[in-house]
Asks: 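Please read through the structure below; I'll follow up with questions.
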Amino acid sequence: MAGDVFIKRASEDFLRAIEVQRELSPNTVAAYETDLAQFAEWSGRAKVDRLGEVDRRLLRRYIAFLSERRLARRSIARKASALRSLFKWAIERDIVSVDPTDGLTTPKLDRPLPKALRAADAARLCELPPSDDPVGLRDRALIELLYGSGLRVSELVGLDIDDVDLRDRRIRVLGKGRKERDVPMGDESLQALSTYMENARVWFVEKSSRVLPALFLNQRGGRLNPRSVRAALDRYTRAEGLPHVAPHALRHSFATHLLDGGADLRTVQELLGHESLSTTQIYTHVSTERLKAVYEQSHPRA
């Protein structure tokens with residue numbers, strides 16, 4: 001009977017399905033697992049155990065309950081997103097006939113402006129890794145790509161050798177939703193990556209008994225992971241007494257500096273791999289804030 005499935009059982013089946021499809025990151029899947037388990041526990045206390053018994057009124061009560069507990073609006077929005085995904089999946093498989101999340105509202109999120117580095121600071125960061133040892137050459141190449149091509153850190157560590165075309169100065173990137181895009185390389189990125197591939201990568205390869213296709217390797221010859229990239233950035237900034245710089249700040253800087261230099265929004269959207277133009281538009285606000293800061297610092301009547 002449609003809807004006669006326990007919420008907990010449906011949640012488990014849904015999580016297994018999205019893990020197989022691999023359309024979401026492991027962190028997102030883990031967050032959904034926690035969020036759906038919390039909802040199942042709460043709804044059980046409300047005497048609602050089956051998916052077909054969930055209606056919009058119950059969900060509104062749940063959102064109100066989360067708000068009363070003073071959860072951050074972003075956390076509430078994520079929990080609502082998990083429920084929307086669950087019911088969308090359930091509708092597609094005829095487990096339920098009505099989607100109670102349709103029209104469900106959540107507290108409006110404040111979209112914080114991304115923090116972009118000044119161009120001079122980004123250039124300085126790119127030059128911090130030493131050019132006389134393999135680790136330094138690797139790190140210089142990966143920092144150049146984060147800033148010079150606007151890659152997400154997950155996209156960076158997911159690159160394989162075959163994704164790089166040095167002759168055409170481009171990289172094939174597998175982005176969110178497993179969507180591919182081609183990203184160009186500038187002169188500095190091309191030089192740093194060429195030097196790493198020709199002179200340093202073999203040093204990492206020799207550390208392992210098997211040869212991996214990964215472009216960026218760790219000191220055991222395995223694929224570099226996002227945590228190692230963050231640690232490398234921390235190591236260089238800490239040694240120079242500079243503020244902490246996250247990998248995503250370099251992506252923000254890439255987009256902001258393009259717009260500051262006159263690039264159009266559609267081009268930046270394509271380069272970043274954003275599905276929606278509205279996601280890219282936040283960077284126009286960043287550029288406006290930078291222009292306002294320059295005006296206030298420079299004009300005598302500001």
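Numbers here simply count residues along the sequence, with the first being 1.
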Asks: To the nearest 0.5 Å, how far apart are NZ in K176 and OG in S154?
Replies: 7.5 Å

Asks: Using 4.0 Å as the upper bound for N to carboxylate O, is an ion pair formed by D99 and K88?
Replies: no

Asks: With a 4.5 Å heavy-atom cut-off, do I63 and I76 have their side chains touching?
Replies: yes

Asks: Indicate yes or no: at least one non-hydrogen side-chain atom of F254 is less than 4.5 angstrom from one of L272.
Replies: yes

Asks: For R169, is there an ion pair with D187 - N to carboxylate O distance below 4.0 angstrom?
Replies: yes

Asks: Are any non-hydrogen side-chain atoms of M185 and L166 less than 4.5 angstrom apart?
Replies: yes

Asks: Report the distance from atom CD1 of I18 to atom OG1 of T28, rounding to the nearest 0.5 Å.
Replies: 8.5 Å

Asks: Pairs in or reaching into residues 169-207: which pass ring pair (Phe, Tyr, Trp, His ring centres under 6.0 Å), with residues at least two apart or in two chains?
Replies: Y196-F216

Asks: Under 3.5 Å, which donor-acceptor pairs do the side chains of residues 124-136 form with other protein atoms, sequence neighbours left out?
Replies:
unit_1	atom_1	unit_2	atom_2	d
R124	NH2	E240	OE1	3.3
D133	OD1	V135	N	3.0
D133	OD1	G136	N	2.8

Asks: So, do F39 and L58 sit near enough that their side-chain heavy atoms are less than 4.5 Å apart?
Replies: yes

Asks: Quick one: does any side-chain atom of S208 pair with a main-chain N or O of R210 as donor and acceptor, under 3.5 Å?
Replies: yes

Asks: Hydrophobic cluster membership, with links at side-chain heavy-atom distances under 4.5 Å among I/L/V/M/F/W/Y: are V202 and M197 in one?
Replies: no

Asks: Within the side chain of S149, is there an N or O that forms a donor-acceptor pair under 3.5 Å with the backbone of V183?
Replies: no

Asks: Which residues pass the side chain to side chain donor-acceptor pair (under 3.5 Å) test with R60, not counting sequence neighbours?
Replies: none

Asks: Counting heavy atoms not belonging to R266, are there more than 12 under 6.0 Å from its CZ?
Replies: no

Asks: Working to the nearest 0.5 angstrom, can you tell me the gap between D182 CG and D165 CG?
Replies: 9.0 Å

Asks: Between D102 and R84, does any side-chain N to carboxylate O distance fall below 4.0 Å?
Replies: no

Asks: Test of understanding: clusters of I, L, V, M, F, W, Y form through side-chain heavy atoms closer than 4.5 Å, transitively. Do L156 and L174 belong to the same one?
Replies: no

Asks: Does atom CZ (R9) have a neighbourhood of more than 12 heavy atoms from anything else shown, all under 6.0 Å?
Replies: no

Asks: Does the side chain of R140 reach to within under 4.5 Å of the side chain of L137, using non-hydrogen atoms?
Replies: no

Asks: Just how far is it from atom CZ of R235 to atom OG of S228, taken to the nearest 0.5 Å?
Replies: 9.0 Å

Asks: Would you check if there is a donor-acceptor pair between the side chains of K79 and Q38 at a distance under 3.5 Å?
Replies: yes

Asks: Hey, are E68 and R61 close enough for a salt bridge, meaning a charged N less than 4.0 Å from a carboxylate O?
Replies: no

Asks: Quick one: sort the Y62 and F65 rings into parallel, tilted or perpendicular, breaks at 30° and 60°.
Replies: parallel

Asks: Testing the 3.5 Å rule here: is there a donor-acceptor pair between the side chains of Y32 and S81?
Replies: yes

